[in-house]
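Accompanying notes for the structure given below.
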Amino acid sequence: MSDSTETVVQADPSVLAGLDAWRELPVKQQPSWPDPEATARVSSQLATLPPLVFAGEVDILRERLARVARGEAFLLQGGDCAETFAGATADQIRRRIKTVLQMAVVLTYGASMPVVKMGRMAGQFAKPRSSDTETRGDVTLPAYRGDIVNSYDFTPEGRTPDPQRLLDGYHMAASTLNLIRAFTQGGFADLREVHSWNRGFASNPANQRYEGLAREIDRAVKFMEAAGADFDELRRVEFYTGHEGLLMDYERPLTRIDSRNGTPVNTSAHFLWIGERTRDLDGAHVDYFSRIRNPIGVKLGPSTTVDDMERLIDKLDPEREPGRLTFITRMGAGKIRDALPPLLEGIKTLDATPVWVTDPMHGNGITTPTGYKTRRFDDVVDEVRGFFEAHRAAGTFPGGIHVELTGDDVTECLGGSEMIDEETLATRYESLCDPRLNHMQSLELAFLVAEELGDVR
Ligand code: PEP
Ligand code: CO
């Protein structure tokens, strides 16, 4: 609300012009909208809708990530590869949040370290694709680019990009975020509820191990309460949102000028990252990201050179501010031990302190003979171990983990203690995009990371 005491700082015209400089640059992975004018109209509408997150929250996250950069906290990012509109139900959102909260408890308790919790949620709707089209039999149609662009239905109508979906995406993000805020601010995420997050999941070994840990936490909390500690602070949990900032017709209109200081903030999420396919130094995405104040991430694949890294830092974090820039490495289990160490040595010469996060998913994709896109849990684990090994050897801090997961009992990744095999994949494979860890595999991974992190401390 505005009143006479509020000082609204206007953006400098050059700041506003800069926010649109990307329009003159090569831009990858955007849909071919059939009617660009209709898309422009929707973008203008989006520009009038309320922000989804607030600049002050974004600033707090930057401070939290600065702590991660300094080795004082750990970042956990998790959620769907591609959120779907149909999947934005209360039950599915709740199970995903519970899974992230459970993983965070395992990490916090196991490694005695604060955990910054972030969902790949409330906006992870747009997908980069390796091909613009998909062919089935003798029919070729535009590729599915995520629910915010077109439909997964393999029909000409379904696959035609529809700008109305940008508005639907905004509203889905708003209702998802509303539920996230309700759960994490309304007492559900209270550490004293640590047992209840485990309810509703089928009993399994990872669950049982979690129960044991939850009992220990319960005892510790009761002891501290008896000793006079006030745990009401635990009722609220900070939970941030992040997604790949891919779709410029969505991200640009949701970029607003912070009335307190005139700087641009992307209000579609607290954190945004640039994908491996759109991080060209002279491309639209890097230019746009260089101008927003949010903490941002960049995915780094196995071919990244120290020179690439230096140029990304110069452009995206020229002031070298801890918390501004997160490098999310996604090398593949077979490559991380060769590809990451030179970057960690290189960073020492660049006077920068990025947050280092491992994404052990995107470098480990395989396709089964039966046609399922999957990942081996063992490869995921191996990449995580390789990440910790490289950081231990370099003396840098392994700051976080970025995973595709769901709270549901899906069968999308091979292995884990349920020993999902190629035949089992078919029983409950629901992802429209990449395979996700299920609830049990997510918890198993959290226990493993907690052990690795415990060794770092
Ligand atoms: C993703 O995170 O869903 C993704 C597409 O990753 P990457 O850019 O690393 O391939
Ligand atoms: Co993915």
Side-chain donor-acceptor contact under 3.5 Å, [X] with [Y]:
{"X": "H243", "Y": "E251", "result": "yes"}
{"X": "N364", "Y": "E383", "result": "yes"}
{"X": "D218", "Y": "H195", "result": "yes"}
{"X": "T89", "Y": "D91", "result": "no"}
{"X": "E404", "Y": "H362", "result": "yes"}
{"X": "Y109", "Y": "E216", "result": "yes"}

* **Test log, rule side chain to side chain donor-acceptor pair (under 3.5 Å), inputs E422 and T370** => CA-CA 8 Å; E422 289 188 14; T370 44; 5.0 Å; no
With a 4.5 Å limit on heavy-atom distance, are the side chains of [X] and [Y] in contact?
{"X": "T255", "Y": "Y288", "result": "yes"}
{"X": "E310", "Y": "T305", "result": "no"}
{"X": "H270", "Y": "I60", "result": "no"}
{"X": "F85", "Y": "D168", "result": "yes"}
{"X": "D59", "Y": "R260", "result": "yes"}
{"X": "R192", "Y": "D232", "result": "yes"}
{"X": "F289", "Y": "V298", "result": "no"}
{"X": "T326", "Y": "I328", "result": "yes"}

Can you tell me if [X] uses its side chain to pair, donor with acceptor, with the backbone of [Y] under 3.5 Å?
{"X": "S112", "Y": "T108", "result": "no"}
{"X": "Q102", "Y": "V194", "result": "no"}
{"X": "E57", "Y": "F54", "result": "yes"}
{"X": "R62", "Y": "R293", "result": "yes"}
{"X": "E412", "Y": "Y429", "result": "no"}
{"X": "N294", "Y": "A269", "result": "yes"}
{"X": "T367", "Y": "G371", "result": "no"}
{"X": "K98", "Y": "R199", "result": "yes"}
{"X": "Q185", "Y": "V237", "result": "yes"}
{"X": "T329", "Y": "T358", "result": "no"}

* Anything under 30° is parallel, anything over 60° is perpendicular, the rest tilted; go ahead and classify F327 against W356. => tilted
Nearest heavy-atom neighbours spanning [X] and [Y]:
{"X": "F387", "Y": "P398", "answer": "CE2-CB, 3.4 Å"}
{"X": "L52", "Y": "A173", "answer": "CD1-CB, 3.8 Å"}
{"X": "E211", "Y": "N198", "answer": "OE2-ND2, 3.2 Å"}
{"X": "T278", "Y": "L246", "answer": "CG2-CD1, 3.8 Å"}
{"X": "K315", "Y": "L281", "answer": "NZ-O, 3.0 Å"}
{"X": "P253", "Y": "S43", "answer": "CB-O, 3.3 Å"}

NZ/NE/NH1/NH2 to OD/OE distance under 4.0 Å, [X] and [Y]:
{"X": "E238", "Y": "R64", "value": "yes"}
{"X": "E193", "Y": "R235", "value": "no"}
{"X": "E444", "Y": "R209", "value": "no"}
{"X": "R320", "Y": "D314", "value": "yes"}
{"X": "D80", "Y": "R96", "value": "yes"}
{"X": "R67", "Y": "E72", "value": "yes"}
{"X": "R428", "Y": "E430", "value": "yes"}
{"X": "E452", "Y": "R392", "value": "yes"}

* **Criterion side chain to side chain contact (heavy atoms under 4.5 Å, CB included) on Q77 and D359, from CA distance to verdict** => CA-CA 9 Å; Q77 290 180 294; D359 162 0; over 6 Å; no
* Among L316, I296, D280, find the residue that satisfies the side-chain contact (heavy atoms from CB on, under 4.5 Å) test when tested with V286. => L316
Say you draw a straight line from [atom1] of [X] to [atom2] of [Y]; how long is it, rounded to the nearest 0.5 Å?
{"X": "L340", "Y": "F388", "atom1": "CG", "atom2": "CZ", "answer": "11.5 Å"}
{"X": "Q208", "Y": "M440", "atom1": "CD", "atom2": "CE", "answer": "9.0 Å"}
{"X": "W197", "Y": "Y210", "atom1": "CH2", "atom2": "OH", "answer": "5.5 Å"}

* Asked: Between W273 and H402, is the gap from one ring center to the other below 6.0 Å?
  -> yes
* Aromatic ring centroids of F125 and Y250 under 6.0 Å? -> no
* Asked: When you measure from the centre of the six-membered ring of Y240, is the NZ or CZ of K117 under 6.0 Å away and within 45° of the axis?
  -> no
* Would you find more than 12 non-hydrogen atoms of other residues, nucleotides or ligands less than 6.0 Å from K222 atom NZ? -> no
* **Contacts of R277 that satisfy salt bridge (charged side-chain N to carboxylate O under 4.0 Å, His left out) - sequence neighbours left out** => none
* List the steps, then state whether salt bridge (Lys or Arg N to Asp or Glu O under 4.0 Å) holds for R95 with D409. => CA-CA 10 Å; R95 280 196 291 269; D409 248 340; over 6 Å; no
* Asked: Pick one: which of T424, N204, T411, N438 meets side-chain hydrogen bond (donor to acceptor under 3.5 Å, both in side chains) with E418?
  -> N438
* For M172 and E83, run side chain to side chain contact (heavy atoms under 4.5 Å, CB included): C-alpha distance rounded to whole Å, both residues' side-chain angles, the deciding distance at 0.1 Å, then the answer. => CA-CA 10 Å; M172 291 291 168; E83 288 178 288; over 6 Å; no
* **Verdict with reasoning, V449 to L76, per side chain to side chain contact (heavy atoms under 4.5 Å, CB included)** => CA-CA 10 Å; V449 173; L76 170 63; over 6 Å; no
* To do: Give the intermediate values and the outcome of side chain to side chain donor-acceptor pair (under 3.5 Å) for residues T241 and R181.
  => CA-CA 10 Å; T241 59; R181 290 192 193 278; over 6 Å; no
* For the pair D408 and H439, evaluate side chain to side chain contact (heavy atoms under 4.5 Å, CB included) and give the outcome as yes or no after the intermediate values. => CA-CA 6 Å; D408 300 332; H439 177 254; over 6 Å; no
* **Candidates R375, R330, K127, R129 - the one meeting salt bridge (charged side-chain N to carboxylate O under 4.0 Å, His left out) with D434** => R375
